[in-house]
Amino acid sequence: MSKKLDMEILASLCKRRGFIFQSSELYGGINGFWDYGPLGCELKRNIKDAWWKAMVRTREDVVGLEASIIMHPAIWKASGHADGFADPMVDCKDCRKRFRADQLCEEQGLELIKNGSAFALPAGAVCPACGSKNLTEPRSFNLMFKTYVGPVEDDSNVAWLRPETAQAIFAQFNNVLATARQKVPFGVAQMGKSFRNEINPRNYTFRSREFEQMELEFFIRPDEAVELICGKITTLADNPDLDGEPQESWGWEVWHRYWVHQRLGWYRAIGLPAADLEQYWQTGDELAHYARACVDIEYAFPFGVQELEGIAARSDFDLSQHQKHSGKGMDVFDEALKQAADKLDAAAKEAFVQKVVADWTGRGKAAEDARAFATKLLEGKYVPHVIEPSAGTDRLALALLCNAYEEETLTDDKGKTDVRTVMRFHPAIAPIKLGVFPLVKNKPELYGKAREIFAKLQRRWNCFWDESGAIGRRYRRMDEAGTPWCVTVDFQTLEDGTVTLRDRDSMRQERLTIPALVEKMDAEIG
RNA sequence: GCGAGCGUAGCUCAGUGGUAGAGCGCCACCUUGCCAAGGUGGCUGUCGUGGGUUCAAAUCCCAUCGCUCGCUCCA
């Protein structure tokens with residue numbers, strides 16, 4: 001691939017061929033929003049189909065959900081996303097650091113001035129870092145898009161466009177559990193639009209204000225439950241087989257690693273080279289307080305190595321937060337756990353509780369919380385923990401576009417050189433699978449036969465009919481669209497039913513019957 | 001959000017106060033027996049948008065929107 005691909009060259013091709021347009025271009029555009037054209041929306045659809053197939057359809061332990069974008073505002077209080085709104089921030093114009101206005105004032109023995117919903121700094125407030133008085137007015141820094149439900153705009157009906165799809169999965173956890181006939185460990189997957197009012201959208205579509213996510217929340221037992229059921233916990237030290245069936249004895253760390261492994265495999269399967277994929281393991285300081293581990297899967301974009309997906313082990317934080325805020329229980333009852341606990345005598349149970357308490361207090365948690373958790377476990381109940389692989393669809397589309405782009409210099413028989421622009425998409429995600437052409441269009445019998453073959457192939461795959469211009473030109477047009485194969489119907493087709501199949505990458509041609517072609521397509525597209 | 005640069009046809013760009021252009025692409029017809037062939041004809045723009053200066057503005061001024069780069073931010 002072209003590592004030095006200029007994003008403007010790519011953006012130009014994307015516009016010229018109909019992959020990506022700037023939103024609202026007719027009116028001068030709007031920053032941070034993008035539209036997918038005829039080829040782009042096919043590409044994105046193929047990405048989503050591939051993800052859904054890998055994550056939901058071909059698994060017995062994952063089910064889908066499609067939730068509304070606007071949800072009860074309390075969800076964002078529980079998740080922590082709404083906090084910034086209540087906390088106006090000030091920036092220091094000199095050292096460029098940002099502080100919470102209320103904390104800054106309190107530290108300096110001052111009081112933040114409040115005028116209705118606006119805030120102002122009292123005289124004498126200075127930057128805690130550099131001492132400068134050159135501070136901005138306090139401003140709210142919530143990055144969620146705000147709207148009103150119903151016709152009246154007042155504080156009582158404020159709502160937010162979701163900044164992530166994940167929370168709906170937690171909010172609907174009980175309903176899914178009750179209806180899906182699944183038991184922990186299992187997952188809930190969702191794809192859909194999310195919105196973040198980014199301060200500074202950059203790098204073409206990479207950071208957009210409206211974007212699509214593909215998220216899985218995979219719920220697992222707490223390690224302590226696994227230990228009670230299996231007698232031991234499989235850890236990474238046991239060298240578990242991450243390609244095989246998941247095992248009941250896996251602890252959270254193995255589950256987390258399993259999903260990292262699965263997701264990397266998927267990216268490779270849709271054509272991103274392993275060499276351009278990187279893992280970034282967040283370190284202790286970078287992890288959110290509730291997260292036990294978080295890995296970013298990154299791709300080497302022309303503008304830098306950037307995140308495609310984050311895979312976080314989030315403990316029971318999310319469900320617990322919703323349990324706390326909603327007052328509704330998020331416990332699951334685990335029959336296997338109950339049976340395992342029932343086999344223990346009173347002394348063994350107490351020993352188990354003591355062990356959990358010792359373990360938790362060693363990690364700085366309260367003994368009474370540990371005791372309550374352990375006692376519930378012995379009743380077969382717990383709040384599930386979660387592993388969250390969260391991918392950005394648009395970022396992936398951009399990565400695939402960057403990866404596919406190539407300018408190839410060709411030399412013909414006479415030594416004349418020519419540059420061919422070709423989008424080398426994996427067949428599974430290529431917007432158009434087949435171009436279908438009559439060799440010439442002014443021979444009715446040839447033309448009719450080609451239409452007949454096109455109609456047949458079109459029922460299976462997205463095909464593109466092209467009869468205009470010389471055959472070579474038509475091939476090159478398909479190269480820029482990233483179409484992996486072109487079928488040309490010629491005079492020999494009328495005699496023996498074979499067609500010419502031209503391969504995008506090698507530019508080689510072979511003759512095939514239609515059934516042989518269909519078989520080849522099935523094998524290559526997957 | 002700050003600083004700098006840039007916005008002219010679908011794309012790449014020329015045009016510095018006097019009736020908007022080129023190449024490529026695209027469309028139609030002809031031609032064409034396999035890699036951007038050739039011929040003929042054709043389409044496309046409130047010169048990003050809105051104001052202002054001027055007899056006259058793509059060109060000068062102001063504002064605004066968008067893009068790029070560097071900081072900043074990034075749940």
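For the numbers below, each heavy atom of this structure counts, side chains included, while hydrogens, waters and symmetry mates do not. The chains referred to below are lettered A, B, ... by the order of the sequence lines, with proteins before strands, and numbering in each begins at 1.
- Rounded to whole Å, the C1' atom of B:G41 lies 32 Å from the corresponding atom of B:G48.
- Of all non-hydrogen atoms in A:Phe219 and A:Pro384, the two that sit nearest each other are CB-CB, 4.0 Å.
- Put simply, the side chain of A:Phe301 reaches to within 4.5 Å of the side chain of A:Leu308, judged on heavy atoms.
- Pairing of B:U16, defined by two Watson-Crick or G-U wobble distances under 3.5 Å, is not identified with any nucleotide.
- Taking atom CZ on A:Arg476 and atom C1' on B:G25, their separation rounds to 15 Å, with Å as the unit.
- A:Arg502 comes within contact range of at least one nucleobase, with a heavy-atom separation under 4.0 Å.
- For the C1' atom pair drawn from B:A58 and B:U16, the interatomic distance equals 10 Å after rounding to whole Å.
- For the C1' atoms, the distance from B:C6 to B:C47 is 15 Å, rounded to whole Å.
- Within the 4.0 angstrom heavy-atom criterion, base atoms lie near A:Lys441.
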Q. How far apart are the C-alpha atoms of A:Arg474 and A:Phe437, what are their side-chain angles, what is the distance that settles it, and do they pass the side chain to side chain contact (heavy atoms under 4.5 Å, CB included) test?
A. CA-CA 8 Å; A:Arg474 286 178 260 169; A:Phe437 316 142; 3.4 Å; yes

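- On the P atoms, B:A36 is 12 Å away from B:G25, given to the nearest whole Å.
- Taking every side-chain heavy atom of A:Leu439 into account, B:C34 is the closest of B:U32, B:G66, B:C34.
- For the pair A:Glu307 and A:Ile297, the minimum side-chain heavy-atom distance is 4.5 Å or more.
- Not a single donor-acceptor contact under 3.5 angstrom links the side-chain atoms of A:Ser12 to the base of B:C11.
- Of all nucleotides present, none satisfies the Watson-Crick or G-U wobble test against B:A56 with each distance under 3.5 Å.
- Summarising the geometry, the separation between CD on A:Glu467 and C1' on B:U31 is reported as 15 Å, rounded to the nearest angstrom.
- Results of the side chain to side chain contact (heavy atoms under 4.5 Å, CB included) test with A:Leu517 over A:Ile453, A:Thr498, A:Leu512 single out A:Leu512 as the only residue that passes.
- Using a 4.0 Å cut-off, some side-chain N or O of A:Arg473 falls inside it from OP1 or OP2 of B:G25.
- Along RNA chain B, the nucleotide nearest to A:Phe303 and the one nearest to A:Arg420 differ in position, and the one closer to the 5' end is contacted by A:Arg420.
- If you take atom C1' in B:C67 and the same atom in B:C55, they sit 36 Å apart, rounded to whole Å.
- Between the P atom of B:C67 and the CG atom of A:Asn203 lies a distance of 12 Å, rounded to the nearest Å.
- Distance from the side chain of A:Arg207 is smallest to B:C73 among B:A75, B:C11, B:C73.
- No side-chain heavy atom of A:Thr488 sits under 4.5 Å from any side-chain heavy atom of A:Val436.
- In this entry the distance linking CG of A:Leu161 with P of B:A75 reads 19 Å, nearest Å.
- Across all strands shown, B:A28 pairs with B:U40; the Watson-Crick or G-U wobble distances both stay below 3.5 Å.
- Between B:C26, B:G33, B:A75, one nucleotide has an atom nearer to the side chain of A:Arg477 than all others, and that is B:C26.
- For the P atoms, the distance linking B:C60 with B:G18 amounts to 11 Å, nearest Å.
- In this structure, B:C73 forms no base pair with any nucleotide, since neither Watson-Crick nor G-U wobble geometry is met with both distances under 3.5 Å.
- When rounded to the nearest whole Å, the span between CD of A:Glu407 and C1' of B:C11 equals 13 Å.
- With distances taken from any side-chain atom of A:Gln22 to the nucleotides B:C34, B:C67, B:A36, the minimum falls on B:C67.
- Pair assignment for B:C34: none, as no Watson-Crick or G-U wobble contacts are both less than 3.5 Å.
- Within 4.0 Å (heavy atoms only), A:Tyr204 reaches sugar-phosphate atoms of the nucleic acid but no base atom.
- Nucleic acid contact class of A:Glu480 (heavy atoms, under 4.0 Å, all strands): base.
- Of all nucleotides present, only B:G66 satisfies the Watson-Crick or G-U wobble test against B:C6, with each distance under 3.5 Å.
- Distances shown here put a side-chain N or O of A:Asn31 below 4.0 Å from the OP1 or OP2 atom of B:C67.
- Straight-line distance from the CG atom of A:Leu13 to the C1' atom of B:G25: 12 Å, rounded to whole Å.
- Using N1 to N3 plus N6-O4 or O6-N4 for Watson-Crick, or N1-O2 and O6-N3 for G-U wobble, each under 3.5 Å, B:G45 pairs with nothing.
- Rounded to the nearest Å, the gap between the P atom of B:C65 and that of B:C74 is 24 Å.
- In this structure, of B:C34, B:U32, B:A75, it is B:A75 that holds the atom nearest to the side chain of A:Met144.
- With C1' as the reference atom, B:A57 and B:U49 are 15 Å apart, rounded to whole Å.
- Listed candidates were B:U32, B:A36, B:C11. Nearest to the side chain of A:Ala470 is B:U32.
- RNA chain B is contacted by both A:Arg17 and A:Arg196; A:Arg17 maps to the nucleotide lying nearer its 5′ end (nearest heavy atom per residue).
- Neither OP1 nor OP2 of B:G10 sits under 4.0 Å from any side-chain N or O of A:Lys15.
- Straight-line distance from the CZ atom of A:Phe170 to the P atom of B:A75: 17 Å, rounded to whole Å.
- Nucleotide B:C67 holds its P atom 14 Å from the CE atom of A:Met7, rounded to whole Å.
- A:Tyr299 and A:Tyr267 have their aromatic ring centers separated by at least 6.0 angstrom.
- Among the candidates A:Leu216, A:Leu264, A:Asp296, A:Val260, the single residue satisfying the side chain to side chain contact (heavy atoms under 4.5 Å, CB included) test with A:Ile311 is A:Val260.
- Across all strands shown, A:Ile30 has heavy atoms under 4.0 Å from sugar-phosphate atoms exclusively, and none from any base.
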